[in-house]
Amino acid sequence: MRNLLKLFQNFIKCGILGWCLEISFTALQSLRRRDLTLKGTTSLWMFPIYGAGCLLAPFFRLFGRLHWAARGGIYALLIFSAEYLSGRLLWKKGLCPWDYEKARWNIGRVIRLDYLPCWAATGLLMERATRDA
């Protein structure tokens, strides 16, 4: 029961962290458009997708002794896999809140390879957020 509670707590932490990062990221992108309102956006669908970051906990323990850059790269690859799978599933249902078709380095319209550093940092942040205190 304790492990299930910890998993649920980490799901909530990762979901909130992901939402906050996405809202901040999209708000900062508005600067390129010279939109100083800095409005950030997300979707309710994204909470369980980001929350699923709690499932990375075994990898956090497994790779914990590696250099942070190596861990970040591994986490980015794992996140790309989850993003691709969740994106394709949502796309089939007509519910995918993102479309990277116009991005140069997109794969299947649902992942962007140029986001690798962002996903590496996100994985490292989730590692820290889910670490036992």
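Residues Leu17 and Leu7 do not share a hydrophobic cluster, defined by chaining ILVMFWY side chains whose heavy atoms lie under 4.5 Å apart. Both Leu36 and Leu38 belong to a common hydrophobic cluster when Ile, Leu, Val, Met, Phe, Trp and Tyr are linked at side-chain heavy-atom distances under 4.5 angstrom. Linking Ile, Leu, Val, Met, Phe, Trp and Tyr whenever their side-chain heavy atoms come within less than 4.5 Å leaves Leu78 and Leu89 in two separate clusters.
Within a 6.0 Å radius of CH2 in Trp45, other residues, nucleotides and ligands contribute 12 heavy atoms or fewer. For Phe59, the CZ atom sits in a loose shell: 12 or fewer heavy atoms of surrounding residues, nucleotides or ligands are nearer than 6.0 Å. Leu95 CG: more than 12 foreign heavy atoms inside a 6.0 Å radius.
Looking only at distances, a side-chain donor or acceptor of Lys13 sits under 3.5 Å from a matching main-chain atom of Ala129. Distance alone, capped at 3.5 Å, is enough to place a donor-acceptor pair between the Trp19 side chain and the Ser43 backbone. Side-chain atoms of Ser30 come within 3.5 Å of backbone N or O of Asp35 as a donor-acceptor pair. For the pair Trp98 (side chain) and Val110 (backbone), a donor-acceptor distance under 3.5 Å is present. Without hydrogens or angle criteria, Thr26 side chain to Thr41 main chain gives a donor-acceptor distance under 3.5 Å. A donor-acceptor pair is defined here as one N or O able to donate and one able to accept, closer than 3.5 Å; such a pair exists between the side chain of Asn106 and the backbone of Ala103.
In this pair, Tyr50 and Trp119 present their aromatic rings tilted. The plane angle is within the 30 to 60° band.
Remark: Phe60 CZ to Ile74 CD1 distance equals 11.5 Å, nearest 0.5 Å. To the nearest 0.5 Å, atom CD1 of residue Ile49 and atom CG of residue Leu85 are 10.5 Å apart. The CD1 atom of Ile23 sits 12.0 Å away from the CG atom of Leu28 when rounded to the nearest 0.5 Å. Expressed to the nearest 0.5 Å, how far SG of Cys118 lies from CZ of Arg112 amounts to 9.0 Å. Atoms OG1 and CD, on Thr122 and Glu22 in that order, are 10.0 Å from each other to the nearest 0.5 Å. Expressed to the nearest 0.5 Å, how far CZ of Phe25 lies from OG1 of Thr42 amounts to 12.5 Å.
Between Leu55 and Asn10 there is no side-chain heavy-atom pair separated by less than 4.5 Å. Using a 4.5 Å heavy-atom cutoff, the side chains of Arg104 and Asp114 are not in contact. For the pair Pro48 and Phe11, the minimum side-chain heavy-atom distance is below 4.5 Å. The shortest distance between side-chain heavy atoms of Ile79 and Leu56 falls below 4.5 Å.
Across all their heavy atoms, Met46 and Pro97 have their closest contact at SD-CG, 3.9 Å. Closest approach of Cys14 and Gly53 over heavy atoms only: SG-C, 3.8 Å. Of all heavy-atom pairs between Ala120 and Gly73, the closest is CB-N, 4.3 Å.
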Please lay out, stage by stage, how Ile12 and Phe47 fare under the test side-chain contact (heavy atoms from CB on, under 4.5 Å).
CA-CA 8 Å; Ile12 298 299; Phe47 188 85; 4.1 Å; yes
Hey, mind stepping through Tyr75 and Phe80 against ring-ring contact (aromatic ring centres under 6.0 Å, His included) and telling me if it holds?
CA-CA 8 Å; Tyr75 302 155; Phe80 273 147; over 10 Å; no
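Cation-pi contact between Arg109 and Tyr100: absent, since separation from the ring centre below 6.0 Å together with deviation from the ring axis within 45° is not met.
With 3.5 Å as the limit, one finds no donor-acceptor pair spanning the side chains of Glu83 and Tyr115.
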